[in-house]
Amino acid sequence: MTAATTPRQRLLTPGPTAVPPQVLAEMALPIIHHRTKQFQAIFAELGQQLQQIFCTKGPVLSIAGSGTTAFEAAQVSLVTPGSKAITVSGGKFGERWQDIYDAYASALGISQVKINCDWGTPAPVDQVAQALKDNPDASVVTIVHSETSTATMSDIKAIAALTAKSNALLIVDGITSVGAFECPMDEWGIDCLVTGSQKALMLPPGLGYVGLGERAVARLKQIDEKTPASFRGYNLDLRKWLKSHAKNDVPFTPPVSLIRAQKVACGLILEQGLPTVHAKTKKLAKATLAAFRALGLKLISSSPSYSVSGAYYPEGVDDSAFRKALRETHGIHIAGGQDGRGGKWSGKIFRISHMGFVDADDTRAALTAIETELRKAAAGQIKGEPGTAVKAFDAAY
Ligand SMILES: *Cc1c(COP(=O)(O)O)cnc(C)c1O
């Protein structure tokens, strides 16, 4: 797809997201070698920018791979072998982090205390408190801040206040919160915060980031000393990444083009200022939910995230035909639903992103297309006159 494609293509999926032209241009520069002063200078600056975006004084590691690579690395590197992990899930991604510990169960001797809440509801803080009390031997808690599959936000501040008083480290999936809305790592006491490049950080897919707080750095060292023969992995062993990071380096060949482009994208975020970027995301989300309500759509979340909004289809709308019409007639790309253990939402819902390089006009275009196609597919079930969605969006924006 090129810029000349008609209609103009707008990517409003909750990852990957649109990439600004300055960032794309940076990726077209000639490849530089990574064991050079030039690369180290770029990498050092990116490291500082990421610390500002994560709101931490600790190191933020840049790992080749996707968000899942970065989260898996945190999971296997920070857990004390032979202990317990409290894993909180209310959607597809929370389930993925449970699956990963299941996959490593015998290698790490790790068992899980799984806390599952209904899809579309936030993590139950009281149940996490109880699990920490009942399992003083738990070494980590994993949780998703913004569960993209259900467009739901959880109260990480409250959960971090609990883990701070325990021996368990808090590993937070901030893949659709970091850079989108408030998630101040040090202030809240998050021990490990993970994100990926292709959501709010305005880069193509290919990099994952792991922010490490003081307790997490200490844990890496402690596991290394106490259990030298234990499972450490290789590429996913954060000790290697941390050691290199201290020298503005990485253990293996990094995607140099993505790293220099991420520096440009982070520069765009910091130039606007984090509070401005956060406020924009929140405004887009609130106005989009107002538009959904005005059309009479039922929201999928009781605790909506600011980075992604979702609604149930009215009776009779075919998800794949609907999203095909959005793409082909309007150039609008949004996401459908996903299936997991706790929910079967494929074909039942749709989701639209508010992260990164997206503005009110992109969102108005998407809402107009959504309203138009819903009126065609579910005539009589959509409230108001044509134009209702954008009118409600504008009134709320
Ligand atoms: C996208 C996403 C992931 C997975 O990231 P990948 O980069 O696809 O591995 C995990 N968690 C959340 C909340 C996400 O939105």
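Every number for a ligand or one of its atoms is a count from 1 in the order of the listing. Only heavy atoms go into these numbers, but all of them, side chains included; no hydrogens, no water, no symmetry mates.
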Where ligand 1 meets Q198 - atom numbers and elements under 4.0 angstrom, heavy-atom basis: 6 (P), 7 (O), 8 (O)
Side-chain donor/acceptor of S77 to backbone N/O of L238, under 3.5 Å: yes
Close approach, E147 and ligand 1, non-hydrogen under 4.0 angstrom: no
Heavy atom of G196, distance to ligand 1 below 4.0 Å: no
Side chain T281, main chain V277, donor-acceptor under 3.5 Å: yes
For T142, the option from R96, Q98, Q75 that meets side-chain contact (heavy atoms from CB on, under 4.5 Å): Q75
Atom 15 (O) of ligand 1 [closest protein heavy-atom partner, distance rounded to 0.1 Å]: T148 OG1, 2.4 Å
Atoms in ligand 1 flagged as close to T176, the criterion being non-hydrogen separation under 4.0 Å: 15 (O)
Contact partition for P14 relative to ligand 1, non-hydrogen atoms under 4.0 Å: neither
Side-chain donor or acceptor of R351 paired with backbone N/O of A311 under 3.5 Å: no
Heavy atom of R96, distance to ligand 1 below 4.0 Å: yes
Check: T176 side chain, S146 main-chain N or O, donor-acceptor pair, under 3.5 Å: yes
Residue part near ligand 1, for D173, under 4.0 Å between non-hydrogen atoms: side chain
With W119, the side-chain contact (heavy atoms from CB on, under 4.5 Å) member among R341, E147, E95: E95
Aromatic ring pairing F350/F292, orientation class (parallel under 30°, perpendicular over 60°, tilted between): perpendicular
Atoms of ligand 1, numbered as shown, that sit under 4.0 Å from any heavy atom of W97: 10 (C), 11 (N)
Check: S146 N/O within less than 3.5 Å of ligand 1 N/O: no
Main-chain N/O of A158 paired to D155 side chain as donor or acceptor, under 3.5 Å: yes
Residue and atom name of the nearest protein heavy atom (relative to atom 14 (C) of ligand 1), distance in Å to one decimal: K199 NZ, 3.0 Å
Contact (N/O only, under 3.5 Å) between F93 and ligand 1: no
